[in-house]
Asker: 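Mind having a look at this structure? Questions to follow.
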Amino acid sequence: GDSVTQTEGQVALSEEDFLTIHCNYSASGYPALFWYVQYPGEGPQFLFRASRDKEKGSSRGFEATYDKGTTSFHLRKASVQESDSAVYYCALGGFRGSALGRLHFGAGTQLIVIP
Amino acid sequence: EAAVTQSPRNKVTVTGGNVTLSCRQTNSHNYMYWYRQDTGHGLRLIHYSYGAGNLQIGDVPDGYKATRTTQEDFFLLLELASPSQTSLYFCASSDGGGNYAEQFFGPGTRLTVL
């Protein structure tokens with residue numbers, strides 16, 4: 001079935017470091033891919049999405065490029081700030097039959113930015 | 001902007017207890033969802049609905065019932081709560097059933113089953 005894998009459970013960086021959080025997916029066709037962010041004490045919130053090969057999604061300095069060849073949608077940011085500390089979720093949009101309308105979330109990656 | 005509210009925000013019950021979690025969205029979204037969030041598992045879908053009276057089963061439905069009474073209201077029922085259901089529960093809504101729809105989440109309900 002459709003699934004998403006985030007390999008890092010936690011990432012610790014210093015301010016101004018470069019961030020990469022890895023996301024790989026398993027699905028046939030062209031599912032939409034999403035990044036969500038969850039700040040402490042809040043519900044997850046949509047960051048951005050991409051829906052076709054080579055499309056770049058971006059928001060708030062974060063970006064990711066849909067790569068069907070490597071089945072990846074890695075999150076990157078050039079210079080992180082302490083305020084970026086949060087949990088980041090990669091998700092895949094269900095697009096077939098009974099999977100319509102639902103998202104498959106990865107396990108999440110906690111980002112800790114040390115000032 | 002979508003508004004999703006949940007009540008209660010915190011709930012403590014005992015094993016075997018009966019619990020109802022409530023969710024309301026005020027943006028006329030068709031789809032509503034219930035998730036549980038646990039360390040190491042991320043967000044797992046319990047049940048979802050695409051309209052009043054409709055119910056779809058998610059990935060971890062055992063021990064949970066749900067009911068969508070109106071377009072705005074979606075309830076999660078735990079009729080015989082167990083300690084394994086101690087978790088943070090999120091409700092979400094979206095305005096489309098397709099591949100691309102963004103989901104809007106509520107603030108969460110923390111449930112503890114003693």
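Heavy-atom basis, side chains included; hydrogens, waters and symmetry copies ignored. Chain naming here is simple, since letters A, B, ... match the order of the sequence lines and numbering starts at 1 in each.
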Asker: Check for me, please, whether B/Y89 and B/L45 land in the same ILVMFWY cluster - side-chain distances under 4.5 Å, paths through other members count.
Answerer: no
Asker: Could you check whether atom CD of A/Q10 has more than 12 heavy atoms from other residues, nucleotides or ligands sitting under 6.0 Å from it?
Answerer: yes
Asker: Could you pull out the closest heavy-atom pair between A/A107 and B/G40, with the gap in Å?
Answerer: CB-O, 4.1 Å
Asker: Is B/Q6 in contact with chain A via its backbone, its side chain, both, or neither, using a 4.5 Å heavy-atom distance?
Answerer: neither
Asker: Using a 6.0 Å cut-off, check whether atom NZ of B/K65 has over 12 heavy atoms from anything other than its own residue.
Answerer: no
Asker: For B/L43, is it the side chain, the backbone, both or neither that has a heavy atom under 4.5 Å from a heavy atom of chain A?
Answerer: both
Asker: First locate atom CG of A/L103, then atom OH of B/Y48, and finally report the distance between them rounded to the nearest 0.5 Å.
Answerer: 10.5 Å
Asker: Quick one, A/Q38 and B/F105 - any side-chain contact, counting heavy atoms below 4.5 Å?
Answerer: no
Asker: Step through the shown structure and confirm whether more than 12 heavy atoms of other residues, nucleotides or ligands are within 6.0 Å of CZ on A/R60.
Answerer: yes
Asker: Kindly work out whether a path of hydrophobic side-chain contacts (I/L/V/M/F/W/Y, heavy atoms less than 4.5 Å apart) joins B/V60 to B/M32.
Answerer: yes
Asker: How long is the gap from CD on B/Q103 to CZ on A/F105, to the nearest 0.5 Å?
Answerer: 5.5 Å
Asker: Within the supplied structure, the quantity of interest is the number of heavy atoms (other residues, nucleotides, ligands) at a distance under 6.0 Å from B/I57 CD1; does it exceed 12?
Answerer: no
Asker: Evaluate the criterion side-chain contact (heavy atoms from CB on, under 4.5 Å) for residue pair B/Y50 and A/R102; output intermediate values, then yes/no.
Answerer: CA-CA 10 Å; B/Y50 55 73; A/R102 60 163 297 172; over 6 Å; no
Asker: Taking atom CZ as the centre, does B/R24 end up with more than 12 heavy-atom neighbours from other residues, nucleotides or ligands that are less than 6.0 angstrom away?
Answerer: no
Asker: Could you check which of A/G43, A/G41, A/G106 has the highest count of heavy-atom pairs closer than 4.5 Å to chain B?
Answerer: A/G43
Asker: Looking at B/L88, B/D59, B/T39, which one has more heavy-atom pairs under 4.5 Å with chain A than the rest?
Answerer: B/D59
